[in-house]
Peer 1: 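Structure provided below as structure tokens; questions to follow.
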2 protein chains.
Amino acid sequence: MLKRRTYTCGLDAALDVMGGKWKALILWELIDGPQRFGQLRRQVAGISERVLILQLRELEACGLVHRELYHQVPPKVEYSLTDLGQSLIKAMIPLGEWGEQHMELIESLDRGD
Amino acid sequence: MLKRRTYTCGLDAALDVMGGKWKALILWELIDGPQRFGQLRRQVAGISERVLILQLRELEACGLVHRELYHQVPPKVEYSLTDLGQSLIKAMIPLGEWGEQHMELIESLDRGD
DNA sequence: CAGCATCCTAGCTGATACTG
DNA sequence: CAGTATCAGCTAGGATGCTG
């Protein structure tokens, strides 16, 4: 699941646990508190059920996300940030601000103008 | 090359330009000043020539890296951070520190203990 | 030295259908 | 509601050899 065994720098390690197409988005959605599976699926636009599960399982395995199962019918599961997840989110904020500031530029690159 | 056309948050946009297996590492190597192609290849352990070129071209296209060609024999090319690249590096520092602090944990996850 | 061309593959990702 | 199972495609990434 993780790509490397050893890391050359901390950035490398951080990107290994939260990099990829979806993980940062999922963590971001959990900032405001626990979310149920279905909520997450709607919030993280474009993700499929299958991929969301896979990503959540990986985040859980890394200790970034906690999965709380309520034994009910119908079933209810809540995902939330762990303390480690919280600390990671905080570390990602400057990067988020950078992206915010340069988003137009990046989107224009994508359009090729 | 970039994965998305629109972004739901800045973090999303930032990860689109510097995410992936190598880009952050490459940017990191350029912090201390310009590097020649061969130097980079040795610094970024494990990367192949082909992939290094591809990544550098993408970083260049995003305006994060500058490519300076010296018309010599044998050829010499130097890669350096642009101002935008510098600002991105700064935004990545907290994430790098987070990774630094939790690297042992992450590596232990990878080993499965 | 820098870097392109070619071929190849692993695994991420997506679509769809089904279950407790 | 919260998943699992299955199938299939794409593309990032890797190996190798060649060139200005």
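Residue numbers begin at 1 in each chain, while the letters A, B, ... track the order of the sequences. Only this structure's heavy atoms are used, side chains among them; waters, hydrogens and symmetry mates stay out.
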Peer 1: Nearest of C:dC1, D:dG3, D:dC1 to any side-chain atom of A:Phe37?
Peer 2: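 For A:Phe37, the side-chain atoms sit closest to D:dG3.
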Peer 1: Going from OG on A:Ser87 to CD on B:Gln101, what distance comes out if it is rounded to the nearest 0.5 angstrom?
Peer 2: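 Here the interatomic distance stands at 8.0 Å.
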Peer 1: Find the distance B:Ile26:CD1 to C:dG3:C1' and express it as a whole number of Å.
Peer 2: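 Atom-to-atom, B:Ile26 to C:dG3, this comes out as 14 Å.
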Peer 1: Between B:Glu78 (CD) and C:dG3 (P), how many Å, whole number?
Peer 2: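 Those two atoms, CD and P, are 12 Å apart.
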Peer 1: Heavy-atom distance under 4.5 Å between the side chains of A:Cys62 and B:Ile106, does that happen here?
Peer 2: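 They are not in side-chain contact.
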Peer 1: Under a 4.5 Å side-chain heavy-atom rule over Ile, Leu, Val, Met, Phe, Trp and Tyr, are B:Leu40 and B:Leu54 clustered together?
Peer 2: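 No, B:Leu40 does not connect to B:Leu54 through the hydrophobic network.
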Peer 1: A:Leu15 pairs by side-chain contact (heavy atoms from CB on, under 4.5 Å) with which of B:Lys21, B:Lys23, B:Met18, B:Met92?
Peer 2: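 For A:Leu15, the side-chain contact (heavy atoms from CB on, under 4.5 Å) check succeeds only for B:Met18.
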Peer 1: Can you tell me how far C1' of C:dC4 sits from CG of B:Leu69, to the nearest Å?
Peer 2: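 Whole-Å distance recorded here is 15 Å.
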Peer 1: Return a single string for nucleotides 11-18 of chain C, one symbol per nucleotide in 5' to 3' order, where B is base contact, S is sugar-phosphate-only contact and - is none, cutoff 4.0 angstrom on heavy atoms.
Peer 2: --BBB-B-
Peer 1: Using whole Å, report how far NE2 of B:His71 lies from P of D:dG20.
Peer 2: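 So the two atoms are 17 Å apart, to the nearest Å.
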Peer 1: Grab the CD-P distance between A:Gln35 and D:dA2 for me, whole Å please.
Peer 2: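 Spelled out: CD on A:Gln35 to P on D:dA2 is 11 Å.
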Peer 1: With a cut-off of less than 4.0 Å, is there a side-chain N or O of B:Arg36 near OP1 or OP2 of C:dG3?
Peer 2: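 False: B:Arg36 side-chain N/O out of range (4.0 Å or more) of C:dG3 OP1/OP2.
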Peer 1: Hey, is the side chain of B:Arg41 poking within less than 4.0 Å of OP1 or OP2 on C:dC1, counting only N and O atoms?
Peer 2: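 No, no such contact exists.
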Peer 1: May I ask you to evaluate whether A:Tyr79 reaches the phosphate of D:dC1, defined as a side-chain N or O under 4.0 Å from OP1 or OP2?
Peer 2: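 Checking D:dC1 against A:Tyr79, no side-chain N or O comes under 4.0 Å of OP1 or OP2.
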Peer 1: For A:Tyr70 and A:Glu78, does a side-chain donor sit closer than 3.5 Å to a side-chain acceptor?
Peer 2: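 The criterion, which ignores hydrogens and geometry beyond distance, is satisfied for A:Glu78 and A:Tyr70.
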Peer 1: In whole angstrom, what separates A:Gln39's CD from D:dC1's C1'?
Peer 2: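 That distance rounds to 12 Å.
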Peer 1: Can you tell me how far the CG atom of A:Leu84 sits from the CG atom of A:Leu88, to the nearest 0.5 Å?
Peer 2: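 One finds 7.0 Å between CG of A:Leu84 and CG of A:Leu88.
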Peer 1: What integer distance in Å separates A:Leu52:CG from D:dA2:P?
Peer 2: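 Value for this atom pair: 10 Å.
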Peer 1: Mind checking the CG-OH spacing from A:Leu59 to A:Tyr79? Nearest 0.5 Å is all I need.
Peer 2: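 Reported to 0.5 Å precision, the distance equals 10.5 Å.
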Peer 1: Rounded to the nearest Å, what distance is computed from the CG atom of residue B:Leu56 to the C1' atom of nucleotide D:dG13?
Peer 2: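 In whole Å, D:dG13 C1' and B:Leu56 CG are 15 Å from each other.
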